[in-house]
Amino acid sequence: MHENFFHNVKVYYEDTDAGGVVYYANYLKFLERARTEALVTLGFNNKKIKEDFGAQIIVKSCNIEYKISAHLEDELTIRSFVKSITKTSFFMNQFIKRGEDLIVEANVHLVFVNKDGKPMKVPDTLFQDFKPYFCDTIKL
């Protein structure tokens, strides 16, 4: 298995400001979509995690660095990988690129919480499914 998850997005008019530049907060939406699709790749989704494990995955923190702007109708690729995992959370690195141009780099800390919003153990099956995707080195 490959350690990366890939998701493609096209920049639409609704994603941009009046100048046709992607509004900075919309990159967070692109990153969220990519993380959701990564779960789907593993045979999970947010609804299934809630139903099967009584859990939700929430963002505890996100460190995002904007390198250059994306523009209207750009085709972007989001690469995500699991950097590390603990008993209750995991860290993902995500990169948004347009061709070879790096647009955004993000480090996201995600936590599993129960229905009361309290941290809970990452389900064993999900932990095992993430293992082949661990990647502790960044290869742009």
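Reckoned from all heavy atoms, side chains included, excluding hydrogens, waters and symmetry mates.
Lys50 meets the salt bridge (Lys or Arg N to Asp or Glu O under 4.0 Å) test with no other residue; sequence neighbours excluded.
Classified by interplanar angle (parallel below 30°, tilted 30° to 60°, perpendicular above 60°), the ring pair Phe44/Phe53 is tilted.
Side-chain atoms of Asn93 and Asn107 form a donor-acceptor pair, as typed in the model, at a separation below 3.5 Å. Between Arg79 and Gln94, the side chains place no donor N or O within less than 3.5 Å of an acceptor N or O (distance only, hydrogens not considered). A donor-acceptor contact under 3.5 angstrom links the side chains of His109 and Ser89, judged on distance only.
Taking 4.5 Å as the limit, some side-chain heavy atom of Glu73 sits within range of a side-chain heavy atom of Lys10. Between Leu39 and Asn45 the shortest side-chain heavy-atom distance does not fall below 4.5 Å.
No salt bridge links Lys29 with Glu32; every basic N to acidic carboxylate O contact stays at or beyond 4.0 Å. Electrostatic pairing of Glu37 and Arg35 does not count as a salt bridge here, judged by no charged N lying under 4.0 Å from a carboxylate O.
Closest heavy-atom contact between Leu102 and Lys67: O-CB, 3.3 Å.
Side-chain heavy-atom separations under 4.5 angstrom define the hydrophobic clusters, and the remaining members of the one that includes Val111 are Ile58, Val113. Under the 4.5 angstrom side-chain criterion for Ile, Leu, Val, Met, Phe, Trp and Tyr, the cluster partners of Tyr66 are Val9, Val11, Val22, Tyr23, Tyr24, Tyr27, Leu28, Phe30, Leu31, Ile64, Ile68, Leu76, Ile78, Ile96, Ile103, Val104.
Taking CD of Gln56 as the start and CG of Asn46 as the end, the distance is 8.0 Å to the nearest 0.5 Å.
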